[in-house]
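Inspection log for the structure reproduced underneath, given as C-alpha cells.
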Amino acid sequence: QDEYKPDKDLSEVDLKNAIRVHHALATKASDYSKKSNVLKLKTADWRVFLFQAPSKEEMLSWILRINLVAAIFSAPAFPAAICSMKKFCRPLLPSSMTKLCQEEQLRSHENKMKQIADELAEHKLRPVEKSLKSKEAEEYRLKEHYLIFE
C-alpha cells in the first residue's frame, strides 16, 4: 500500500520483510473466492501469499513475470542431508541464480518433474499402516506433502 519511491534506499525492515522468490511458484488463486484477480505465491519455505491485481490480464502478467524471475533465481537443489535414521529430509534449495541456460534449465525441470512424479507414485504404493507409530505416520505425511508441493 505504500508508494514506490525508486530513489529511496531499502531499509533493514524492507530487506527483512522481503519475499524470497527462489524456488517459488505463482498461480491463480482458484480456491480463493472473496476477491477477483487474486494470485497465490508459494515460496520455497512453503509460505503462501495472496496478491490482488487490478485486472485478469495484469494478474496473468504478474504470474508469468514472477515465475520467470523465480526460475532465474532457482539453481538446482542440493541433495538432502543423509542420516542413519532414515528420516525424510527435504533437499536444500539454494537462493543463488542458476548457471544453466534456459534450455538446460527447462530440461532440468522436466527431469525433476518426472523424478518427483515417479517418487510420489512409488510413495503412494507403500501407504503407512494404521498400526505404525505416529512418528512414522507423520514422516509419511510430510514426505507426501513435499512431493505433491514439488
How many angstroms lie between NZ in Lys34 and CG in Leu50, if you round to the nearest 0.5 Å? 10.0 Å
Looking at Tyr140, is its backbone amide N or carbonyl O close enough to the side chain of His123 to form a donor-acceptor pair, meaning the two atoms are under 3.5 Å apart? yes
What one should report as the nearest heavy-atom pair of Ile116 and Leu147 is CG2-O, 3.5 Å
Apply side-chain contact (heavy atoms from CB on, under 4.5 Å) to Leu41 and Val48, showing your working. CA-CA 6 Å; Leu41 177 67; Val48 176; over 6 Å; no
Can you list every salt bridge (charged side-chain N to carboxylate O under 4.0 Å, His left out) pair that touches residues 48-67, not counting sequence neighbours? none
Drop me the distance from Leu39's CG to Leu64's CG, to the nearest 0.5 angstrom. 12.0 Å
Output yes when Arg141 and Glu138 qualify as a salt bridge under the 4.0 Å nitrogen-oxygen rule, no when they do not. yes
Give a yes or no answer on whether the side chain of Asn37 reaches the backbone of Met59 with a donor-acceptor pair at less than 3.5 Å. no
Any chance you could measure Ser108, atom OG, to Gln115, atom CD, to the nearest 0.5 Å? 9.5 Å
Nearest heavy-atom neighbours spanning Ile63 and Thr27: CD1-C, 3.6 Å
Ignoring hydrogens and angles, tell me if any N or O in the side chain of Gln52 forms a donor-acceptor pair with the backbone of Lys35 under 3.5 Å. no
Evaluation steps, side-chain contact (heavy atoms from CB on, under 4.5 Å), between Asn67 and Leu25: CA-CA 6 Å; Asn67 287 335; Leu25 179 65; 3.7 Å; yes
Can Glu122 and Arg126 be counted as an ion pair, charged N to O under 4.0 angstrom? yes
Between the OG atom in Ser55 and the CG atom in Leu60, the distance rounded to the nearest 0.5 Å is 8.5 Å
Correct closest heavy-atom pair for Ala70 and Ala24 would be CB-O, 3.6 Å
When you look at Thr43 and Phe49, which way does the side-chain contact (heavy atoms from CB on, under 4.5 Å) test go after all the steps? CA-CA 8 Å; Thr43 62; Phe49 296 91; 3.8 Å; yes
List the steps and the verdict of side-chain contact (heavy atoms from CB on, under 4.5 Å) for Arg47 and Lys42. CA-CA 6 Å; Arg47 293 186 302 162; Lys42 290 184 179 181; over 6 Å; no
According to a hydrophobic-cluster definition based on side-chain heavy atoms being under 4.5 Å apart (Ile, Leu, Val, Met, Phe, Trp, Tyr only), do Ile148 and Leu142 belong together? yes
